[in-house]
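What follows is a set of notes on a single structure, which appears directly below.
Numbering of residues begins at 1 and proceeds along the displayed sequence. Just so you know, ligand 1 is whichever comes first in the structure, and atom 1 is the first atom listed for that ligand.
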Amino acid sequence: MKISRAVIVAAGLGTRMLPASKAIPKEILPVVDRPAIQYVVEEAVAAGVSEIIVVISPGRTTALDHFETAPELERHLEMRGKDEMLDTIRRIATMAHLTAVEQAEPLGLGHAVLQARDAIGGEPFAVMLPDDLFDSKRPCLGQMMAEAERLDAPVVALLRVAKSEVPKYGIVSGRKIAERLYRLTGMVEKPTVDKAPSDLAIVGRYILPPEIFEILAQGRPGAGGEIQLTDGLIELAGRRPLYGYEFEGTRYDIGDPFGFLTAQVGFGLKRADLADNFRAYLRTIISSS
Ligand code: G1P
């Protein structure tokens with residue numbers, strides 16, 4: 001299952017990040033010095049994706065604007081000889097071909113993905129949730145794509161979570177068939193702890209066949225009264241093999257303040273130009289608190 005297109009779902013209300021997300025989409029909030037969505041686009045590009053469809057709320061185009069050319073800014077940087085930043089700014093505008101589709105109403109993740117149906121057409125594609133940022137040697141999406149290609153089947157990213165965390169996720173049941181790889185037999189969206197089939201959660205990277213659109217189009221509201229992607233996956237798994245892959249690397253959930261903070265620290269410590277000072281600073285405040 002080879003893919004060249006990805007759907008980034010950026011149409012959520014971002015309620016867990018209010019009030020920061022009141023006037024701007026949460027996907028544009030910076031992690032260190034770049035908007036969160038840039039990490040996701042960079043991951044997609046590093047995995048070989050060339051076309052990206054961003055699902056947005058009506059009129060909320062800021063996340064897309066970030067990838068437009070900025071001629072005045074470029075001229076300004078050029079005149080001042082800021083060549084390195086000029087390269088960075090130019091690179092952002094050329095890294096991928098992005099288009100937007102709107103989700104008129106927030107009716108759920110499954111409904112948001114469905115809005116990309118015409119833009120995707122009849123090819124397998126990736127879904128990326130920009131709340132989930134990954135720090136890994138191989139891009140998380142690249143890991144999923146390699147498995148999907150090898151198995152010629154859809155694959156979702158899995159993460160083992162603490163028991164108390166399972167009500168936040170889609171939780172899967174399945175049979176382990178190889179290192180990190182599961183053949184999925186079922187899943188439940190945001191189960192209570194006692195109803196969770198395992199501690200393996202779906203996190204925001206999926207490789208899906210176009211058939212999912214037809215399933216989602218017939219979908220009825222599920223958990224939280226929303227059209228859930230997880231319910232679509234259950235139907236898909238009844239029709240053809242569906243796999244889960246425990247990705248290698250670290251995942252940050254930047255959709256809430258705690259995860260957002262951990263991402264700043266994690267990615268901050270990865271930055272060659274900041275790491276030494278930042279580590280020393282963290283040591284000082286930890287030892288004095
Ligand atoms: C969504 C999915 C859920 C998945 C989670 C991963 O939930 O519905 O199955 O486990 O993303 O981050 P959300 O976080 O949008 O409520």
Side-chain angles (χ1 to χ4, degrees), residues 6-18 21 25-27 29 36-37 39-40 43 54-57 103 105-116 126-135 140-141 144 154-174 182 184 186-193 195-208 212 215-216 219-237 242-247 249-260 262-263:
V7 177
I8 299 181
V9 181
L13 295 174
T15 47
R16 291 182 299 156
M17 278 306 276
L18 283 168
S21 56
K26 65 178 170 182
E27 295 74 24
L29 293 173
I37 194 165
Y39 289 82
V40 183
E43 179 191 335
V54 186
V55 185
I56 57 168
S57 308
Q103 183 189 24
E105 283 178 273
L107 297 179
L109 176 58
H111 180 262
V113 171
L114 184 57
Q115 308 314 303
V127 171
M128 306 176 83
L129 307 186
D131 272 1
D132 289 324
L133 296 192
F134 294 88
D135 176 17
C140 181
L141 190 69
M144 298 303 128
V155 179
V156 302
L158 295 179
L159 172 70
R160 216 168 272 285
V161 297
K163 220 174 174 191
S164 58
E165 296 277 288
V166 300
K168 287 168 56 177
Y169 296 97
I171 302 291
V172 303
S173 51
Y182 297 79
L184 303 184
M187 61 210 79
V188 191
E189 181 65 12
K190 304 199 169 65
T192 52
V193 172
K195 295 254 165 63
S198 75
D199 59 354
L200 277 174
I202 303 174
V203 285
R205 301 293 182 267
Y206 310 72
I207 308 294
L208 299 174
I212 194 76
I215 295 173
L216 291 172
R220 282 181 226 288
E226 298 186 338
I227 298 189
Q228 296 290 352
L229 181 56
T230 302
D231 293 338
L233 295 179
I234 294 170
E235 171 74 27
L236 186 67
L242 171 66
Y243 297 89
Y245 184 74
E246 264 186 279
F247 68 92
T250 305
R251 171 254 185 184
Y252 298 99
D253 173 11
I254 59 158
D256 73 20
F258 180 78
F260 189 73
T262 60

For this session: Under the side-chain hydrogen bond (donor to acceptor under 3.5 Å, both in side chains) rule, collect the residues that match up with S21, sequence neighbours excluded.
Result: none

Problem set entry | Residue pair E27 / V40, side-chain heavy-atom distance below 4.5 Å | no

Exercise. For Q228, what residues pass the side-chain hydrogen bond (donor to acceptor under 3.5 Å, both in side chains) criterion, not counting sequence neighbours?
Worked result: none

Problem set entry | NZ/NE/NH1/NH2 to OD/OE distance under 4.0 Å, D231 and R220 | no

Problem set entry | Which residues share a side chain to side chain contact (heavy atoms under 4.5 Å, CB included) with E165, sequence neighbours left out | V161, A162, K168, Y169

Problem set entry | With L233, the side chain to side chain contact (heavy atoms under 4.5 Å, CB included) member among L216, V172, I202, I215 | I202

Check ligand 1 for close polar pairs with the protein: N or O on both sides, less than 3.5 Å.
{"unit_1": "ligand 1", "atom_1": "7 (O)", "unit_2": "K190", "atom_2": "NZ", "d": "3.2"}
{"unit_1": "ligand 1", "atom_1": "8 (O)", "unit_2": "E189", "atom_2": "OE1", "d": "3.4"}
{"unit_1": "ligand 1", "atom_1": "8 (O)", "unit_2": "E189", "atom_2": "OE2", "d": "2.7"}
{"unit_1": "ligand 1", "atom_1": "9 (O)", "unit_2": "G170", "atom_2": "N", "d": "3.1"}
{"unit_1": "ligand 1", "atom_1": "9 (O)", "unit_2": "E189", "atom_2": "OE1", "d": "2.7"}
{"unit_1": "ligand 1", "atom_1": "9 (O)", "unit_2": "T230", "atom_2": "OG1", "d": "3.2"}
{"unit_1": "ligand 1", "atom_1": "10 (O)", "unit_2": "G170", "atom_2": "N", "d": "2.9"}
{"unit_1": "ligand 1", "atom_1": "10 (O)", "unit_2": "I202", "atom_2": "O", "d": "2.6"}
{"unit_1": "ligand 1", "atom_1": "12 (O)", "unit_2": "D132", "atom_2": "OD2", "d": "3.1"}
{"unit_1": "ligand 1", "atom_1": "16 (O)", "unit_2": "K190", "atom_2": "NZ", "d": "2.7"}

